[in-house]
Amino acid sequence: MVKLFVAGGCSEHGRNSFLVSGDKITVLVDAGRMKEKPDKPFPEISPEMAKKIDYLFLTHSHTDHTGALKHLQELGFCGTLVASAATLKFLPEKYEGRTIALKDISSPYKEVSICDGLKLTFGRAGHCVGSVWYSLELEGKTILFTGDYEERSYAYDCDEIRGRYADLAVVDCAYGTEAEDAEAHWEALESALDALVPLQNPLLFPVPSHGRGFDVMRLLAQRNVTTVLAQSLIREYQDSDNREFWLKPSFVEAMRSLKKKQIGDFRSDFERVLQEGAMFPREHLDAAILVRDSQLVKEENRHIAVGVAAMGGRTILTGKQDPASFARQLLNEGKADFYRISVHQNIDEMKRLMAKNHFKKVVPYHCREQLSFPEEEILVLQTGDTAEV
Ligand SMILES: [Zn+2]
Ligand SMILES: [Zn+2]
């Protein structure tokens, strides 16, 4: 018999982790850490469970999927780690045990045997560089994990999940009952930008690492907006392992025409005006500035946000803000706008994906809301629950 144990990530946000056990083989998909509840940051995995795990499949590098790797090793995990080469490269801690990079064994949609009783198919999930979905056939049962999944990114390529059979599918539903889908979000952000371009006043985009920053870069390139990129974002783009594989060709093309200003020049001009008692350098009034600091934690980026607001410019937030963050404070004070860039699915998008596949049972994950569904095949599970596959 094959069972799915939710070690974390259902009816909560963070510590995503799913244990699938058969008679002979045990696999874990993701090992995340939850930031918002420091008293229980790790998945509910006992040392006995950790020692039994033969394979750990990671969907992508974000902390809510990988942040418990070290903890898992401390519990006794010593199995094989499987992930894309990009995910392995971005891991917060290196894994000393055996690892398999997906590109060394397979390619999108191609089924391969991992060991006796375990087959794997993967595809790119459109969420960030290195992000994948998995379909695992374990001891005769098929379990699909979408990982964090987005089909409409402007930057990341997605191998759409279509016509696939699964006895059970764990599907991204992070945006839950939110009404707007990815399409509506793009429309809102694009028309807001169109109203501001050509820029009279500066814009600030605080973005996370490995995510929406690239989408924003594409929007700015298409509108010929002069862009100041944080050094870490430039590195992220240049270092993207095998980037032609993960990024859309149209995005890579757009990056060639991105009008860039040197971040070093911007920073020194900014320091100078601060010393002179001014708020923002006049020579950069027509620029969009991207900093890799989505919540505006760093003092230097907060100064830029304050300067941008003082010049009549806007800070544009594209993802959720932590309640106590400076980003949220700006929004509350009317100095920032929030236009979401979708990197997950809402309920409607999850159901559309179900309609295009043959999933016998569906477990929504990544949503902190308490969801309920009339459909019998959708199982709303909590962390700690087990489902028979
Ligand atoms: Zn993610
Ligand atoms: Zn996630």
Side-chain angles (χ1 to χ4, degrees), residues 6-18 28-37 40-43 56-69 71-72 83-84 86-92 102 122-134 144-159 161 169-176 178 182 185 206-216 233 236 240-241 246-247 292 294-295 318-322 340-347 349-350 353 363-369 371 381 383:
V6 180
C10 282
S11 307
E12 64 185 6
H13 194 278
R15 64 168 179 171
N16 299 296
S17 197
F18 300 90
L28 187 70
V29 176
D30 286 337
R33 184 157 55 84
M34 181 150 61
K35 283 187 204 153
E36 50 194 63
K37 287 192 189 149
K40 40 180 173 179
F42 297 121
L56 167 61
F57 294 91
L58 296 178
T59 58
H60 63 294
S61 61
H62 289 159
T63 311
D64 58 325
H65 299 257
T66 61
L69 181 57
H71 173 73
L72 202 64
S84 65
T87 298
L88 292 173
K89 184 173 167 179
F90 300 142
L91 283 183
L102 289 168
F122 83 95
R124 292 165 294 182
H127 176 73
C128 65
V129 167
S131 72
V132 295
W133 52 263
Y134 290 114
L144 185 140
F145 295 88
T146 65
D148 291 2
Y149 183 77
E150 174 53 55
E151 295 184 357
R152 289 184 170 73
S153 167
Y154 278 14
Y156 306 108
D157 239 332
C158 178
D159 298 306
I161 303 172
V170 178
V171 180
D172 182 0
C173 190
Y175 296 149
E178 284 184 30
H185 289 308
V207 295
S209 49
H210 304 296
R212 303 181 300 267
F214 286 5
D215 291 293
V216 173
L233 271 167
E236 192 178 306
S240 286
D241 196 52
W246 296 105
L247 299 169
R292 207 172 74 161
S294 60
Q295 306 298 328
T318 55
K320 84 177 163 70
Q321 310 89 38
D322 296 338
R340 193 193 275 296
I341 290 179
S342 279
V343 290
H344 294 284
Q345 303 191 115
N346 66 7
I347 287 176
E349 289 165 310
M350 178 185 80
L353 192 71
V363 173
Y365 95 103
H366 221 312
C367 182
R368 63 166 74 70
E369 284 175 72
L371 302 172
L381 299 182
T383 291

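As the structure is a computational prediction, the values presented were derived from the model and not from experiment. Note that ligands are numbered from 1 as they come in the structure, with each ligand's atoms numbered from 1 the same way.
Here the angle centred on the Zn ion (ligand 1), running from NE2 of H127 over to NE2 of H60, is 100°, rounded to 10°. With the Zn ion (ligand 2) at the apex, D64 OD2 and H65 NE2 define an angle of roughly 100° (rounded to 10 degrees).
Taking OH from Y156 and NE2 from H210, the interatomic distance works out to 8.5 Å, rounded to the nearest 0.5 Å.
Stacking of R340 on the aromatic ring of Y175 is recorded, both the 6.0 Å distance cut-off and the 45° axial limit being met.
In H62, the N, O or S atom that comes nearest to the Zn ion (ligand 1) is ND1.
Taking 2.8 Å as the threshold, D148 counts as a candidate ligand of the Zn ion (ligand 2), since one of its N, O or S atoms lies below it. Among the atoms of H366, an N, O or S atom falls under 2.8 Å from the Zn ion (ligand 2).
In this structure, a donor-acceptor pair under 3.5 Å is present between the side chains of T59 and D30.
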Would H65 and D148 count as a side chain to side chain donor-acceptor pair (under 3.5 Å) if you check the C-alpha gap in whole Å, the side-chain angles of each, and the deciding distance to 0.1 Å? CA-CA 9 Å; H65 299 257; D148 291 2; 3.0 Å; yes
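The aromatic ring centres of H127 and H344 sit less than 6.0 Å apart.
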